[in-house]
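Here the structure comes first, spelled out in structure tokens, and everything after it is commentary.
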Amino acid sequence: MRLLALPDMSGRPTFWVNADHVALVQRHDARGPDGVHVVAEVKVDGMPLFKTPVGIFAELVDADTAWTSFLEQLQHGG
């Protein structure tokens, strides 16, 4: 079993996920004055959706790179 720590929206790692039970991951972007805010919604079997911040990025290409890294972390356990 691989447990991954996912931070809540305040940045504290409060949600530990067994990566094998992740059913859905969806990306949400929002543009703000400080850049592109990327948030992941993670659905774990038997649990409600959980939102976790991926980061704030000056450029969309940086957000894409971070998103790919986040997905690889979920897939490979860090």
Answer yes or no: is there a side-chain heavy-atom contact under 4.5 Å between [X] and [Y]?
X: Asn18; Y: Leu3; result: yes
X: Phe70; Y: Arg27; result: no
X: Phe57; Y: Val38; result: yes
X: Leu4; Y: Val22; result: no
X: Arg31; Y: Leu60; result: yes

Next item on the list: Run the numbers on Thr14 and Arg12 for side-chain hydrogen bond (donor to acceptor under 3.5 Å, both in side chains), then give the verdict.
Entry: CA-CA 6 Å; Thr14 57; Arg12 291 185 312 268; over 6 Å; no
Which atom pair, heavy atoms only, marks the closest approach of [X] to [Y]?
X: Val25; Y: Ala40; value: CG1-CB, 4.5 Å
X: Ala19; Y: Leu74; value: CB-O, 3.4 Å
X: Pro53; Y: Pro7; value: CD-O, 3.6 Å
X: Ala23; Y: Asp45; value: CB-OD1, 3.4 Å

Next item on the list: Would you indicate whether Lys43, at its atom NZ, is surrounded by more than 12 heavy atoms from other residues, nucleotides or ligands within a distance under 6.0 Å?
Entry: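 Correct, the count exceeds 12.
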Next item on the list: Decide side chain to side chain contact (heavy atoms under 4.5 Å, CB included) for Val17 and Phe50; before the verdict, give the C-alpha distance in whole Å, the side-chain angles of both, and the deciding distance to 0.1 Å.
Entry: CA-CA 10 Å; Val17 175; Phe50 180 80; over 6 Å; no
Next item on the list: Give, for atom CH2 of Trp67 and atom CG of Asp62, the distance between the pair rounded to the nearest 0.5 Å.
Entry: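 Answer rounded to 0.5 Å: 16.0 Å.
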Next item on the list: Give a yes or no answer on whether the side chain of Thr68 reaches the backbone of Asp64 with a donor-acceptor pair at less than 3.5 Å.
Entry: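 Yes; at least one donor-acceptor contact below 3.5 Å.
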